[in-house]
Novice: 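Below is a structure I'd like to ask you about.
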Amino acid sequence: MAKTHYQLIILGGGPAGLTAGLYAARARLDHLLIEKGAEGGQVLLTDWVDNYPGFPEGLSGFELSEKMAAHAKRFDLQTLIANVTATDLSSSPKQLTLEDGQTLTCDTLIICTGARPRLLDVPGEQEMTGKGVSYCATCDAPFYRGQRVVVVGGGNTAVQEASHLTKFADQVTIIHRRDTLRATGIIQEKAFANPKIDYIWNSRVTAIEGEKGVERIQLVNNDGEKSTLPTDGIFVLVGVIPNNGALPLDLLAADEYGFIPTDGEMRTAVPGVMAAGDIRSKEVRQIINAAGEGATAVLSAEHYLNSLT
Amino acid sequence: MASDKVKAVNDADFDATTASDIPTLVDFWAPWCGPCKAIGPVIEDLAEEYAGKANILKMNVDDNPATPGRFGIRAIPTLILFKSGEVVDQVTGAVGKAQLSDLIKKAL
């Protein structure tokens, strides 16, 4: 019979999960990392990572996640590709149900399920996803060679990816609901110096329109004035929402947005359950934080396991 | 996603390959696309699971610009399900195995 119980299960294989996996494997814990696709997480959506220490030349999100996975696997990280559909954290041991109906149990769990791009939730968005609506500039920028696109958002991701898009598109318009960007200084500097980027401030998108694909978007500004902007594509980069579908949110005392609060040792409200990375209720969502939190979470898991014996 | 388990299709043999009355799922991908890499193992799993019942193929959109253009593909990964040369349904993004499995079943 296949093994179904582990000391530690790690849910998710982004930077937090892979770092937790590295620490768990080196600690020789009886562990399993469950990931729904391949390892990587949201960092795979990132064109270029210039703020992860130890890589002075920078590297792509893709390369960084490959390196993290290879690093953990060097120490025999155990992984399973599966979708977890339900978790019972009040039982002992804790219980996870997989998509195929199989049940796995563990003494301690580290939740690293991360977050995913938030949608605009406007008419036309769903219908034209993949036909001009995109959430991944790195993936889709080359389809807009010589064309005109808009980027919605004003944070790090939006402004950095707007710069990336100018390598392909002729014109990139950033649409932001405020009159200043939230992105960090060096990312803003680069964008403001780029002649291909222009800005529509204090405005939001109300509809995405077109026949076979995106042709134009409808806008409204903070004074209520409406306008139409022709465009070949729209990149929606307006923050993230938590991947918490299979988690008991009440038990974990999730915040109003569905993120999971922890203490400084990454312990959640449920004994033996830790959370790390973007799924945590916190201000800063950076790769380096996620990695650090993954390490801390394993040390807390070890403490918990020791307390059981 | 690049792998030996999933057969690659190109602009030249695309029509002949998807004309089959066996359901054919084509994964449009590129080497610079992280999420394409993320669903690679899922596509491989599906290829094994549906061996003999459905054809699972991949097309590198960098090397084959004509076919993605014909189907209006402007984002990857995009997966299109064909039967007898006709598009049955399609999905964009790094979706889970269950969703892709449900997609294939539409044409079985």
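Within every chain, numbering begins at 1; the chains are lettered A, B, ... in the order of the sequence lines, protein sequences first and strands thereafter.
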Novice: Under 4.5 Å heavy-atom distance to chain B, tell me which part of A/Q147 shows up: side chain, backbone, both or neither.
Specialist: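 Only the side chain of A/Q147 comes within 4.5 Å of chain B.
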
Novice: Measure A/S134 against the heavy atoms of chain B and call it side chain, backbone, both or neither at under 4.5 Å.
Specialist: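 For A/S134, no heavy atom lies under 4.5 Å from chain B.
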
Novice: Where on A/K212 is there a heavy atom nearer than 4.5 Å to chain B: the side chain, the backbone, both, or neither?
Specialist: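 Contact with chain B: none, neither part.
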
Novice: Hey, which of B/V95, B/I76, B/V61, B/T78 has the most heavy atom pairs under 4.5 Å with chain A?
Specialist: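 Ranked by contacts with chain A, first place is B/I76.
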
Novice: Please report the interatomic distance NZ(A/K131) to CD1(B/I73), rounded to the nearest 0.5 Å.
Specialist: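 With rounding to 0.5 Å, NZ (A/K131) is 10.0 Å from CD1 (B/I73).
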
Novice: Find the one option among A/G213, A/G132, A/A141, A/A82 whose heavy-atom pairs under 4.5 Å with chain B are most numerous.
Specialist: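 The option with the most such pairs is A/G132.
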
Novice: Nearest 0.5 Å please: distance from the SG atom of A/C139 over to the CH2 atom of B/W32.
Specialist: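 One gets 7.5 Å once the value is rounded to the nearest 0.5 Å.
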
Novice: Can you tell which of A/P142, A/G233, A/G61 has the highest number of heavy-atom pairs within less than 4.5 Å of chain B?
Specialist: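 Looking at each option in turn, the highest pair count goes to A/P142.
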
Novice: What part of A/D100 gets within 4.5 angstrom of chain B, counting heavy atoms only: side chain, backbone, both, or neither?
Specialist: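 Contact with chain B is absent: no heavy atom of A/D100 under 4.5 Å.
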
Novice: Are there more than 12 heavy atoms of other residues, nucleotides or ligands under 6.0 Å from atom NZ of A/K190?
Specialist: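 Atom NZ in A/K190 is not packed in, count stays at 12 or less.
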
Novice: As an exercise, state the distance from CZ of B/R74 to OG1 of A/T129, rounded to the nearest 0.5 Å.
Specialist: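 These two atoms lie 12.0 Å from each other.
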
Novice: Around atom CD of B/E49, are there more than 12 heavy atoms from other residues, nucleotides or ligands closer than 6.0 Å?
Specialist: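 Yes, because the 6.0 Å sphere around CD of B/E49 holds more than 12 heavy atoms from other groups.
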
Novice: Is A/Y135 close to chain B through its backbone or its side chain, or both, or neither, when contacts mean heavy atoms under 4.5 Å?
Specialist: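 Contact with chain B: none, neither part.
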
